[in-house]
Amino acid sequence: MIRKVLVANRGEIAIRVMRACYEMGIRSVAVFSTADRLSRHVAFANEAECIGGIQADDSYLNIDHIIQAAHKHHVDAIHPGYGFLSENAAFARRCAEEGFIFIGPRPETMELMGDKISARQQMIDAGVPVVPGTREKLNSSAEALAVCREIGFPVMLKASMGGGGKGMRMVRHEDEVAEMFEAARSEAMASFGDDTVYVEKFLEEPHHIEFQILGDKFGNVIHLFDRECSVQRRHQKIVEESPSPFLDFNLRHEMGAKAVAAARAVGYEGAGTIEFLVDKNHKFYFLEMNTRLQVEHPITEEVVGVDLVKQQILIADGQPLELHQEDIRQHGHAIECRICAEDTEHDFMPSPGVITQILEPHGIGTRIDSYVYEGYEIPMYYDPMIGKLIVWATKREYAIERMRRALYEYKIVGLTTNIRYLRRIIDVPDFKNGSYNTDFIERNADRLRPRPGFKNESEEMAVIAAYIDYLLNLEENKSVPQPKNAISRWKNFGLQKGVLRI
Ligand code: MV4
């Protein structure tokens, strides 16, 4: 029985996992690097252990250090969160060898799905549609050219060990094949230590739609419907929603059935995601399987009402799924915005620093999965994501209204965040109408640039601060004669700058 869990991660996801533990009466153990002593996930846990220096290789990626901490704290199980070691089969194996339950799928599943060529083969065998392309590795640029001609341009060269767009090259013309093949190969080697590259037909303007699945150790597999993840920039998701506005009843159920078939085919144990590309003709193709809990899992939780981390723990503990497919229904609509410490006006550069003031949105249908607090310094060594804002409402239109309200309620002072960029995204007509695909960010680049007059939030703050300061002075110095139109002087300044509407 799982009574104590070590969370081999940091930040918001570490806290998310610990929250599930607390609800289940399970003790939690945090691990942290020297840069993370003051991170909230450390204080949030029942116990905590420093596992190394700032560099992830010395801490969050250091299997030996994590195993040592697990022994020292006598944990029963280890939850890897997302990123870091979450899809590392060697880590999952090591956990088992050392007597700990790894909260995630079997290592063989992680290996099989981590290799895209073998994943595609598994899916073909399971009757799941895959993007047309090769089933084998390309051995030379001559072979690549022949295969590309056969498939027809444009094509996509992909690293077999890839993901997140690394080692991927789109090729529009046969003149480029040799050059792009070598480029994909060397990038694959540099990123994954493996230069295996294969080729797929390039799908134009696809939707990225994924299905959440759960499988237990008894062969029961269910899906928990879809998430639309097409709002991406350089393979980083920014906004996700569920249900996808692109799917109708039939397509949704067809894809759900294929997602279950995909998971069944590999004997999937735990929570996983089947990613599909869907083209404008509503044809869908398996893209990859993610063998971890995903950043955007809360939108599924909100819409289907299932705690996915709790399910992961129950499954890892060897309990049969108590959820049945016919009980899983999508209710209402959820949207998630990723809140990041980055400067969207300077190529999305990470912008670490101290949070001097923070006011998070609350209220009906509003969920914050975060880990920061006033006075906390966001370290520059890890992911710039500081949290997620998730809203739920009875229908999409209301969820968008709620997201707008929450984004305007959100105030973070001291560093640059993408909040104003997110405010612009939800007002773009293509987003409002739900008619967008993976080209959304590129296609709407103009609309996503800040409007002149709203350039600087700190200027807006300065104006308001000056005004409040004046009002307080007015209160304190009632006996002292005041200049007649002093209030309107500040007001005028604000109005002139276009930042005051009061
Ligand atoms: C594709 C594709 C078009 N055709 N494969 C990007 C990340 C990686 N996981 C797979 N990706 C893509 N694969 C074929 N055959 C377009 C993309 C793609 C993409 C996919 C999902 C979400 C956003 C994307 C942005 C650009 C390209």
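Ligands are counted one by one from 1 in listed order, and the atoms in each one are counted from 1 as well.
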I'd like to know whether the aromatic ring centres of Y60 and Y382 sit less than 6.0 Å apart in this structure.
yes

In terms of relative ring orientation, are F246 and H207 parallel, tilted or perpendicular, with 30° and 60° separating the classes?
parallel

Tell me, yes or no, whether the heavy-atom count around K137 atom NZ, taken from other residues, nucleotides or ligands under 6.0 Å, exceeds 12.
yes

Are R338 and E240 close enough for a salt bridge, meaning some N to O gap below 4.0 Å?
yes

Sort out the contact shell of ligand 1: every protein residue with a heavy-atom distance below 4.0 Å, listed by chain and number.
V131, M156, K158, G165, M168, E200, K201, F202, L203, H208, Q232, H235, L277, L287, E288, T438

For the aromatic rings, using the six-membered ring if either is Trp, is the centroid distance between Y371 and H41 under 6.0 Å?
no

I'd like to know if the side chain of E210 pairs up with that of T273 as donor and acceptor (distance under 3.5 Å, no hydrogens or angles considered).
no

